[in-house]
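Worksheet: one structure, shown below.
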Amino acid sequence: RAVPRRKIVASSVGAPAYLEVEQSYIIIKPDGVQRGLVGEIISRFEKKGFLLKGLKLFQCPKDLAQEHYKDLKDRPFFPKLIDYITSGPVVYMAWEGDGVVASARKLIGATNPLQAEPGTIRGDLAVQTGRNGVHGSDSPDNGKREIALWFKDGKLCQWESVQTPWLIE
Ligand code: ADP
């Protein structure tokens, strides 16, 4: 049995375990929801071993979309991006685990799905940059910012998975 490390969690055998607290903010964009890919996309993060801390199906208003993507506001595609992200329900999530931000970016793949590697979400499931199915935070600081912005009451679910002691030594 692996010996867990970092942040204290309740392990299935009652011994303390230690996990790194890093969180990534993930969105299944409207095309992903409409195409029936919610289960497939969530499954990839679950199978990797990250911990789901918050989740909601939600239609994003324009002002929230603009705040979320404010770093891109001067880009020519910004108005189209805001129309796209507000065009239907999204599923937004907070995922936690060691190195989750960089790892989620790898699981998601390159922004342009035609350049994304096979095996990544975008590489396997999408073809256009403007319909690339999923968002993932690009830094731990942005993960914090985005989770605070979307989970307005700041409350994520506090729980531990029974698999943690088998993932972390
Ligand atoms: P990523 O989502 O991979 O972090 P960016 O932060 O550069 O990529 O862009 C945010 C989102 O804006 C992209 O995921 C995509 O939906 C959209 N986008 C980026 N570049 C373009 C483009 N050239 N044309 C249309 N949409 C774009």
Side-chain angles (χ1 to χ4, degrees), residues 19-157 167:
L19 266 178
E20 198 172 82
V21 183
E22 182 175 298
Q23 294 177 339
S24 184
Y25 179 70
I26 304 292
I27 307 173
I28 302 173
K29 295 177 178 179
D31 51 324
V33 175
Q34 295 290 347
R35 293 178 56 216
L37 297 174
V38 171
E40 165 82 32
I41 292 170
I42 290 176
S43 182
R44 296 190 179 212
F45 294 98
E46 283 185 317
K47 285 179 189 160
K48 176 71 176 171
F50 294 124
L51 186 68
L52 181 62
K53 300 298 293 280
L55 177 149
K56 192 174 166 84
L57 177 72
F58 173 76
Q59 185 141 4
C60 177
K62 278 223 151 84
D63 56 348
L64 177 58
Q66 285 163 346
E67 179 63 22
H68 173 82
Y69 280 125
K70 67 179 181 193
D71 291 350
L72 300 174
K73 70 176 181 340
D74 297 327
R75 305 293 287 275
F77 58 82
F78 185 73
K80 261 178 50 181
L81 173 61
I82 299 306
D83 286 348
Y84 161 49
I85 207 74
T86 59
S87 63
V90 301
V91 171
Y92 69 79
M93 300 173 278
W95 289 88
E96 186 174 282
D98 288 33
V100 65
V101 169
S103 179
R105 297 279 292 182
K106 282 194 178 159
L107 291 175
I108 289 168
T111 304
N112 180 344
L114 293 183
Q115 281 155 19
E117 294 295 325
T120 64
I121 294 169
R122 288 169 175 165
D124 289 348
L125 304 173
V127 289
Q128 282 198 346
T129 301
R131 295 288 182 273
N132 61 7
V134 59
H135 163 82
S137 307
D138 62 6
S139 69
D141 280 352
N142 268 339
K144 279 188 204 142
R145 176 183 81 85
E146 292 167 357
I147 287 168
L149 180 65
W150 288 72
F151 290 91
K152 285 278 182 231
D153 63 5
K155 279 196 200 123
L156 299 180
C157 206
L167 276 164

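Each ligand, and each atom within it, is numbered from 1 in the order the structure gives.
With a heavy-atom cut-off of 4.0 Å, T129 touches ligand 1 through backbone and side chain alike. Contact annotation for K29 and ligand 1: only side-chain heavy atoms (C-beta onward) come within less than 4.0 Å of the ligand. Counting heavy atoms under 4.0 Å from ligand 1, residue D71 does not touch it at all.
In terms of protein heavy-atom proximity, atom 18 (N) of ligand 1 is closest to F77 CE1, 3.5 Å. Of all protein heavy atoms, the one closest to atom 3 (O) of ligand 1 is T111 OG1, 2.5 Å. Ranking the protein heavy atoms by distance from atom 6 (O) of ligand 1 puts L72 CD1, 4.0 Å first.
At least one heavy atom of R122 sits less than 4.0 Å from an atom of ligand 1.
The side-chain heavy atoms of Q59 and P89, taken from C-beta on, include a pair separated by under 4.5 Å. Looking only at side-chain heavy atoms (C-beta outward), T129 and F77 stay at 4.5 Å or farther from each other. When side chains are defined from C-beta on, V100 does not count as touching L51, because their heavy atoms never get closer than 4.5 Å.
Within ligand 1, the atoms closer than 4.0 Å to a non-hydrogen atom of N132 are 13 (C), 14 (O), 15 (C), 16 (O), numbered from 1 in the order shown. Ligand-side atoms of ligand 1 in range of R105: 1 (P), 4 (O), range being under 4.0 angstrom from any heavy atom.
With respect to V91, the side-chain contact (heavy atoms from CB on, under 4.5 Å) criterion is satisfied by exactly one of I26, L57, V134: L57. A ring-ring contact (aromatic ring centres under 6.0 Å, His included) with W95 is found for one member of F50, F45, Y25 and no other, namely F45.
Ring orientation note: the planes of H135 and Y69 are nearly perpendicular, at an angle over 60° on the 30°/60° scale.
The OG atom of S87 sits 6.5 Å away from atom CZ of R131, with the distance rounded to the nearest 0.5 Å.
In this comparison of D31, L81, N142, the heavy atom closest to atom 17 (C) of ligand 1 sits on L81.
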